[in-house]
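Beneath this line is the structure, given in structure tokens, with notes to follow.
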Amino acid sequence: MTETLEAAAQRIAERGRDALVARLRPAFADAAKDHADVLRLTDEQLEQMVQQAADQADAVQWRRALAAVATKELGISLGEALIHPAVARAQELVGVPARSGPPAAPAPEPEAAAALAPEPEPEPPPEPEPEPPPEPEPEPPPQPEPEPEPPPQPEPGPEPVRVSAVHLGGVANLPVGASDIELHLTEHGLDIIQGISTTLGRLGWDDIRALEVTSARGVRRRRRDLRTCLVVRTATGEASFAIPAVAPEELRAHVEPLRKRYARGRRGR
């Protein structure tokens, strides 16, 4: 990497967190306003929630924030910034690993060329010699046992989903408006995590009857990319969560593969 590119990456990385916080702050402010009837937050509490969300931001959120800085720093479009090497280097500098791309396709094997050798001229038959006594035929060597075939490798499943959330209701012993929580969607189901590592509970895929990503009510069209709700329905009720700074289409694109892969397969047993 050239010194110019490294210097640009350093500048982008230094401004990255401010850009990330700037993207998160209006999302949390709008979420608090939309749910003011059940949630009252001071400016200090709201800012603390924004900073916690920035600390827990994933690679996608960091990439977009750094790309936004690069558009001004390098004078390029957002699409060019998302794939620019300086943005990728800045993401390494802030300590967030980039999402790995698809594996490269294997190189095609060259075709083997076959050649035919000319047949030699026939030689005259030699004079017959007396036949020697037959020798006993040697025993054939033992054949090696075939090696067992390796078991087939299972197909890789969808990537897990991990997002920050605000509790809107439905989870016992969890206050409405609690924001220091994360939702983990994996092959095992849905985990509700509070703080750093406190697991409040898990819903297995056998327990989940519906998993819906919706837009919050009363959101202006120009802000709908910031207003996302996740509704989890079970046999005993439902719980809902606000997902700040993630558009419904983006969250749905990550949640649907998990639901189709694991929920459908388990109900069909």
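Look at Glu92 and Arg89 and you find a salt bridge, because one of the NZ, NE, NH1 or NH2 atoms lies within 4.0 Å of a carboxylate O, short of that distance.
Across all non-hydrogen atoms, the minimal contact from Ala86 to Ala9 is O-CB, 3.5 Å. Between Ala247 and Thr228 the shortest heavy-atom distance is C-OG1, 3.3 Å. Across all their heavy atoms, Ala165 and Pro244 have their closest contact at CA-CD, 4.4 Å. Thr186 and Pro160 get closest at one heavy-atom pair: CG2-CB, 4.0 Å. The two residues Ala57 and Leu20 come nearest to each other via the heavy atoms CB-CD2, 3.7 Å. Closest of all the heavy-atom pairs between Ala54 and Val21 is CB-CG2, 4.0 Å.
Considering CD of Glu47 and CD of Gln52, their distance stands at 11.0 Å, rounded to 0.5 Å. Taking CD of Glu187 as the start and CZ of Arg261 as the end, the distance is 8.5 Å to the nearest 0.5 Å. The NE2 atom of His254 lies 11.5 Å from the CG atom of Leu185; values are rounded to the nearest 0.5 Å. Separation of atoms CG (Leu211) and CD (Glu238) is listed at 12.0 Å; rounding is to 0.5 Å. One finds the CD1 atom of Ile192 at 4.0 Å from the CZ atom of Phe241 (value rounded to the nearest 0.5 Å). The distance from the CG atom of Leu82 to the CZ atom of Arg64 is 7.5 Å, given to the nearest 0.5 Å.
Residues forming a side-chain hydrogen bond (donor to acceptor under 3.5 Å, both in side chains) with Glu212 (at least two apart in sequence, or on another chain): Arg233. Annotation: side-chain hydrogen bond (donor to acceptor under 3.5 Å, both in side chains) contacts of Thr236 (sequence neighbours excluded): Thr234. By the salt bridge (Lys or Arg N to Asp or Glu O under 4.0 Å) test, Glu80 pairs with no residue at all, sequence neighbours left out.
For the 3.5 Å distance criterion, the side chains of Arg23 and Gln61 fail to qualify, holding no donor opposite an acceptor.
In this structure, Leu174 is not a member of the same hydrophobic cluster as Val231, with clusters built from ILVMFWY side-chain heavy atoms closer than 4.5 Å. Two different hydrophobic clusters hold Leu78 and Val69 under the rule that ILVMFWY side chains link at heavy-atom gaps under 4.5 Å. There is no path of hydrophobic side-chain contacts, each under 4.5 Å, that joins Ile193 to Met49. Under the 4.5 Å side-chain contact rule for hydrophobic residues, Val171 and Val161 share a cluster.
Residue pairs satisfying the side chain to side chain donor-acceptor pair (under 3.5 Å) criterion with at least one member in residues 162-178, sequence neighbours excluded, are listed as follows: Gln56-Ser164, Arg162-Glu182, Arg162-His184. Each salt bridge (Lys or Arg N to Asp or Glu O under 4.0 Å) pair with one or both residues in residues 9-21, not counting sequence neighbours, appears once here: Arg11-Glu73, Arg15-Glu73, Arg17-Asp55. Sorted by first and then second residue, the salt bridge (Lys or Arg N to Asp or Glu O under 4.0 Å) pairs with a member in residues 194-203 read Asp191-Arg202; sequence neighbours excluded.
Of the listed residues (Leu168, Leu183, Val246), just one forms a side-chain contact (heavy atoms from CB on, under 4.5 Å) with Leu230, and that residue is Leu183.
Counting only distance, with no hydrogens or angles, the side chain of Gln51 and the backbone of Gln48 share no donor-acceptor pair below 3.5 Å.
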Report task. Evaluate side chain to side chain contact (heavy atoms under 4.5 Å, CB included) for His84 paired with Leu5, printing each intermediate quantity in order. Result -> CA-CA 10 Å; His84 199 280; Leu5 189 60; 3.8 Å; yes
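For Arg252, the CZ atom is densely surrounded, since the number of other residues' heavy atoms within 6.0 Å is greater than 12.
Within the 4.5 Å cutoff, the side chain of Cys229 has no heavy atoms near those of the Ser240 side chain.
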